[in-house]
Every structure is written in C-alpha cells, then in structure tokens.
There are 2 protein chains.
Amino acid sequence: MRTNTDPFHALADPGRRAILMMLSRDKQSINTIAGNFDISRPAISKHVKILHEAGLILIKDSGRERYCELNLDGFEEVKKWLNFFDKFWKTKLQNLEDLLNQQYKSE
Amino acid sequence: MRTNTDPFHALADPGRRAILMMLSRDKQSINTIAGNFDISRPAISKHVKILHEAGLILIKDSGRERYCELNLDGFEEVKKWLNFFDKFWKTKLQNLEDLLNQQYKSE
DNA sequence: ATGATGTGTAACCCTTAGGTTACTCAAATA
DNA sequence: TATTTGAGTAACCTAAGGGTTACACATCAT
C-alpha cells in the first residue's frame with residue numbers, strides 16, 4: 001500500500017476533519033474516537049493512520065491504548081501553502097486602489 | 001453526478017493545486033492551462049469545474065474562451081477552519097509556560 | 001458559407017477510497 | 001491461567017476519482 005503523507009489529502013475527508021475537531025478539545029484513544037462516530041473501529045483506525053502519516057496528529061502509546069493528539073506540523077504545511085496566495089490578494093487590492101486613485105484624479 | 005462543493009476536497013488533488021499556483025500569476029484560459037500540464041484538455045476542464053464549484057476560482061467568459069482567476073471565497077473557508085485550531089496551540093503553549101514558571105518557583 | 005478553434009460532456013476504463021467482517025495479538029484483569 | 005479489552009490488519013465490496021477518446025456546439029476567421 002502506498003502511504004499518502006499529503007495533509008491536503010488527509011483533510012479532504014469530512015470524517016477525518018471531524019476527528020481533528022474532536023482532538024482539539026482533548027487527546028483521545030482510538031476506541032473513544034470510534035465511540036463518537038457511526039463507523040466501525042477499524043475504519044477509524046484507518047483514518048487515524050492517514051492523519052498520523054500526514055503529520056496532523058501524534059500518537060502516544062499507553063499500555064494497550066493509543067492516545068491521539070493534534071500535531072502542529074501538518075497544519076503548518078497547509079497554512080504555508082495557503083499563505084503563498086496572500087501576495088495575490090494584496091496585488092489585487094493594490095490594483096483596485098490604483099484604479100480608485102486614477103478615478104479621483106480624472107474628476 | 002453529485003457536485004462536491006467542498007474546497008478541502010478540491011485542494012486534495014496536487015494537479016488542482018498546481019492550477020491554482022498557475023492562476024496566482026495571471027488569469028488563464030482553459031486551453032492555456034491545459035498547455036502547461038501533461039493531461040488532456042477535458043481532464044483540465046473537469047478540474048476547473050471542481051475548483052469553480054468549490055469557490056476557489058472565478059470564470060469569466062470572453063467569446064468562446066473562459067478565463068479562470070482565483071477567488072478569495074474558497075480560500076477563506078479553508079483558512080477559517082484552520083484558524084479554529086489556533087486556540088488549541090495557544091492553550092498548549094500556555095500550559096508549557098505554566099510548567100516552566102512552576103519549575104522556576106521550585107528552584 | 002466554410003473551416004478552424006475553444007470548450008463542455010458523455011461513455012468508458014482503471015485505480016483509489018472508504019466501508020465492512022473476521023481474524024490475530026498484546027495488555028489488563030479476574 | 002483464563003478471559004476480557006484495545007487495537008492493527010487482511011480480504012473483500014462498492015462507490016468515487018481521475019484519466020482517456022469521441023462527439024457536439026458555439027464563436028471566430030476566411
């Protein structure tokens with residue numbers, strides 16, 4: 001199986017995003033997570049694996065339980081990519097501003 | 001066909017992200033976009049449709065051509081969701097700070 | 001009017017995604 | 001030691017994703 005470590009891919013599934021929302025309150029074991037969703041535990045296990053590989057969560061073993069918590073890394077990667085576009089919006093606003101200035105001048 | 005208007009889903013495909021990167025420089029027609037990728041024009045057409053439905057791009061018809069440009073809306077939706085987690089990191093940092101303060105006190 | 005050009009869409013194919021059940025195994029508990 | 005509990009994985013199924021080619025159609029150019 002090819003492991004997909006792309007956080008964008010990991011975030012594409014609404015269920016996985018819901019898991020992350022849940023983890024924003026507190027770290028949770030696999031079973032606890034599964035208890036809050038309508039899908040089976042193995043399905044949750046798969047989702048958790050994908051989130052982990054994408055760097056969106058950390059997993060800490062405690063006996064036979066595995067506790068999941070949010071990991072900043074994956075989030076940063078996505079944020080960084082999105083921030084790349086900021087200069088585009090800035091340019092666009094600047095153009096609008098220039099246009100307005102021009103109009104004032106011609107009055 | 002069920003239309004998926006989820007920007008997270010739209011961003012999951014690396015090819016679509018590449019299209020967005022391309023559009024950050026300038027607005028482009030479908031054919032121009034297709035010329036920059038190894039996949040067929042109909043494939044590009046599909047990707048563009050998905051990006052459009054997700055609110056990530058705007059499409060402006062000009063004769064028989066369709067010009068694509070970035071749209072802030074879809075990006076904002078994603079950013080907003082990501083920002084939700086900021087308070088989690090803040091809390092985590094605060095806890096670290098508290099821990100450090102406690103250690104200083106006991107010295 | 002004719003032909004070239006830009007684009008959307010339908011039909012199809014193969015791969016990936018996401019779910020299930022059944023199984024295994026290690027850790028906790030009686 | 002025997003049993004329960006938490007979790008990973010394999011095998012399988014169906015649906016969705018992403019690609020292709022072939023076609024239709026409107027717009028521009030001749």
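Fair warning: this is a prediction, and the values are worked out from it, not measured in the lab. A, B, ... follow the sequence lines: proteins, then strands. Residue 1 opens every chain.
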(request) Give, ordered by number, those residues of residues 14-36 of chain B having at least one heavy-atom distance below 4.0 Å to an atom of DNA chain D; if nothing qualifies, reply none. (result) B:Arg16

(message) Check this for me: does the side-chain of A:Arg66 come within 3.5 Å of the base of D:dA7 through a donor and an acceptor?
(response) no

(request) Measure the acute angle between the ring planes of A:Phe85 and B:Phe75, then classify it against the limits of 30° and 60° as parallel, tilted or perpendicular. (result) tilted

(message) In this structure, how many angstroms lie between the C1' atom of D:dA7 and the NE2 atom of A:His52, rounded?
(response) 15 Å

(request) Could you state the atom-to-atom distance from NE2 of B:His47 to C1' of C:dG8 in whole Å? (result) 15 Å

(request) For B:Ile39 and C:dC13, give me the distance from atom CD1 to atom P, rounded to whole Å. (result) 21 Å

(request) For atom NZ of B:Lys27, decide whether the heavy atoms of other residues, nucleotides or ligands shown that lie under 6.0 angstrom number more than 12. (result) no

(request) From the options D:dT21, C:dG6, C:dG18, select the nucleotide whose nearest atom is closest to the side chain of A:Ile50. (result) C:dG18

(request) Ignoring backbone atoms, test whether B:Ser40 places a side-chain nitrogen or oxygen under 4.0 Å from the OP1 or OP2 oxygen of D:dT20. (result) yes

(message) So, OP1 or OP2 of D:dT9: does either fall under 4.0 Å of a side-chain N or O from A:Lys49?
(response) yes

(message) Tell me whether the side-chain N/O atoms of A:Ser45 come closer than 4.0 Å to OP1 or OP2 in D:dG8.
(response) yes

(request) Write down the distance between CG (A:Leu51) and C1' (C:dG18), rounded to a whole number of angstrom. (result) 14 Å

(request) Name the residue closer to the 5' end of DNA chain C, choosing between B:Lys46 and A:Arg64 according to the nucleotide with the nearest heavy atom. (result) B:Lys46

(request) Please determine if A:Lys79 and B:Asp86 form a salt bridge, counting it only when a charged side-chain N lies under 4.0 Å from a carboxylate O. (result) yes

(request) Name the closest nucleotide to the B:Pro42 side chain, picking from C:dG19, C:dG18, D:dT21. (result) D:dT21

(message) Please determine whether a side-chain nitrogen of the Lys or Arg among A:Asp13 and A:Lys46 lies less than 4.0 Å from a carboxylate oxygen of the Asp or Glu.
(response) no

(request) Return yes if a side-chain donor-acceptor contact under 3.5 Å exists between A:Glu97 and A:Asn101, otherwise no. (result) no

(message) Is there a side-chain contact between A:His9 and the phosphate of C:dT16, meaning an N or O under 4.0 Å from OP1 or OP2?
(response) no

(message) If you assign B:Arg41 and A:Asp38 each to the DNA chain C nucleotide with the nearest heavy atom, which residue ends up on the more 5' nucleotide?
(response) B:Arg41

(request) Indicate yes or no: at least one non-hydrogen side-chain atom of A:Arg16 is less than 4.5 angstrom from one of A:His9. (result) yes

(request) Flag the pair B:Lys60 and B:Glu65 as a salt bridge only when some basic side-chain nitrogen lies within less than 4.0 angstrom of an acidic carboxylate oxygen. (result) no

(request) Round to the nearest Å and state the distance from A:Glu65 atom CD to C:dT29 atom C1'. (result) 14 Å

(message) I need the CG-P distance between B:Asp13 and C:dA17, as an integer number of Å.
(response) 11 Å

(message) Nearest whole Å is fine: how far is C:dT7 C1' from B:Asp61 CG?
(response) 10 Å

